[in-house]
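Numbers for residues simply follow the sequence, beginning at 1. The shown structure was predicted, so the numbers you read here are calculated from the model rather than taken from an experiment.
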Amino acid sequence: MIVPQNALEKIRRRHKDVTIVFAGGTFDLLHPTHTKTFQNLKKYGSIVVIGIVSDKRVRQRKGPLRPIFNQKERLEIANAMKYVDYVVPMKAPNKLHPVPTMTILRLLKPNSFVTTDERWRPYLSRIKALGVKTYILKRLHKTS
């Protein structure tokens, strides 16, 4: 189900007795590594929530010709995956919310945050303070 960020606290309350795992990314051209990643997230929580980064953020990180599919399309594609329970659009970084994933983590308070990005290491204490366990995994392989 595609949900707005302002629904995340409600999702946490609805699933208060269930483990929730959050992972975010571009998920532009969905490939077998993405599907394996979505499937493996069930090891970290019963409810899988996927954040889809903004088009602006994708261009910043991957170049001016990306994304191939806009955020709305990427939300729909991720939502169709049987391993995914909720999909949420992530906003582009701004002065008020310089790290959009942290906003999601504060609102959702998942049990686990799973990433393959080492850039999260400096945030580990902030994430732990939210009561969220972080798993920084090795990439299965680089496809994109």
Side-chain angles (χ1 to χ4, degrees), residues 1-58 60-62 66-144:
M1 173 183 302
I2 299 172
V3 297
Q5 284 189 18
N6 64 6
L8 294 174
E9 291 172 299
K10 187 177 184 180
I11 289 168
R12 174 76 267 178
R13 286 192 303 273
R14 181 181 309 141
H15 299 291
K16 66 181 178 186
D17 297 325
V18 180
T19 56
I20 296 176
V21 57
F22 174 77
T26 301
F27 307 112
D28 191 8
L29 292 175
L30 210 59
H31 50 73
T33 301
H34 286 138
T35 57
K36 188 71 168 169
T37 298
F38 291 153
Q39 182 181 15
N40 287 340
L41 288 172
K42 288 289 186 181
K43 295 175 184 175
Y44 300 92
S46 302
I47 301 295
V48 174
V49 180
I50 299 295
I52 304 292
V53 300
S54 70
D55 295 342
K56 180 179 179 179
R57 186 69 173 144
V58 175
Q60 290 170 344
R61 295 183 78 195
K62 297 189 181 242
R66 298 286 299 275
I68 304 299
F69 295 112
N70 67 40
Q71 187 183 44
K72 184 178 184 298
E73 293 166 324
R74 291 180 286 123
L75 286 161
E76 291 173 6
I77 292 166
N79 187 52
M81 300 297 298
K82 70 180 181 179
Y83 307 110
V84 176
D85 299 291
Y86 297 97
V87 184
V88 60
M90 295 171 62
K91 297 176 180 165
N94 59 51
K95 288 184 182 185
L96 188 60
H97 301 286
V99 185
T101 299
M102 288 301 296
T103 301
I104 301 242
L105 295 173
R106 276 193 296 277
L107 293 170
L108 182 62
K109 292 187 177 60
N111 302 83
S112 302
F113 168 48
V114 177
T115 182
T116 58
D117 196 336
E118 289 288 331
R119 288 179 282 187
W120 284 103
R121 291 223 179 267
Y123 295 91
L124 291 178
S125 62
R126 288 174 57 192
I127 296 169
K128 185 177 181 181
L130 295 171
V132 178
K133 174 95 172 126
T134 302
Y135 297 91
I136 301 176
L137 308 178
K138 281 187 159 185
R139 287 188 182 270
L140 295 176
H141 66 74
K142 191 167 182 143
T143 304
S144 68

Are any of the side-chain heavy atoms of [X] and [Y] separated by less than 4.5 Å?
X: F38; Y: L30; answer: yes
X: R126; Y: L130; answer: no
X: P89; Y: I52; answer: no
X: R74; Y: V58; answer: yes
X: L124; Y: R121; answer: yes
X: P67; Y: K62; answer: no
X: H34; Y: L29; answer: no

- [ ] Decide, yes or no, whether a salt bridge links D85 with K42 under the criterion of side-chain N to carboxylate O below 4.0 Å.
- [x] yes
Side chain to side chain contact (heavy atoms under 4.5 Å, CB included) with I50: of L41, N79, V88, L75, only one passes, and it is L41
If you measure from [atom1] on [X] to [atom2] on [Y], what distance do you get to the nearest 0.5 Å?
X: I20; Y: K109; atom1: CD1; atom2: NZ; result: 11.5 Å
X: R106; Y: E9; atom1: CZ; atom2: CD; result: 11.0 Å
X: T103; Y: L108; atom1: OG1; atom2: CG; result: 12.0 Å
X: K91; Y: S54; atom1: NZ; atom2: OG; result: 11.0 Å
X: T101; Y: R57; atom1: OG1; atom2: CZ; result: 8.5 Å
X: T134; Y: K128; atom1: OG1; atom2: NZ; result: 10.0 Å

By side-chain hydrogen bond (donor to acceptor under 3.5 Å, both in side chains), R13 pairs with (sequence neighbours left out) none
Grab the two heavy atoms, one from [X] and one from [Y], that are nearest each other, plus how far apart they are.
X: G45; Y: T19; answer: CA-OG1, 3.2 Å
X: P100; Y: P93; answer: CG-N, 3.7 Å
X: V87; Y: V84; answer: CG2-CG1, 3.6 Å
X: G51; Y: F22; answer: N-CE1, 3.4 Å

Between [X] (side chain only) and [Y] (backbone N and O only), is there a donor and an acceptor less than 3.5 Å apart?
X: T26; Y: D28; answer: no
X: T116; Y: L137; answer: no
X: Q71; Y: M90; answer: yes

Between F113 and the options Y135, W120, Y44, the ring-ring contact (aromatic ring centres under 6.0 Å, His included) test singles out W120
Contacts satisfying ring pair (Phe, Tyr, Trp, His ring centres under 6.0 Å) that involve residues 68-92 (not counting sequence neighbours) are H15-Y86
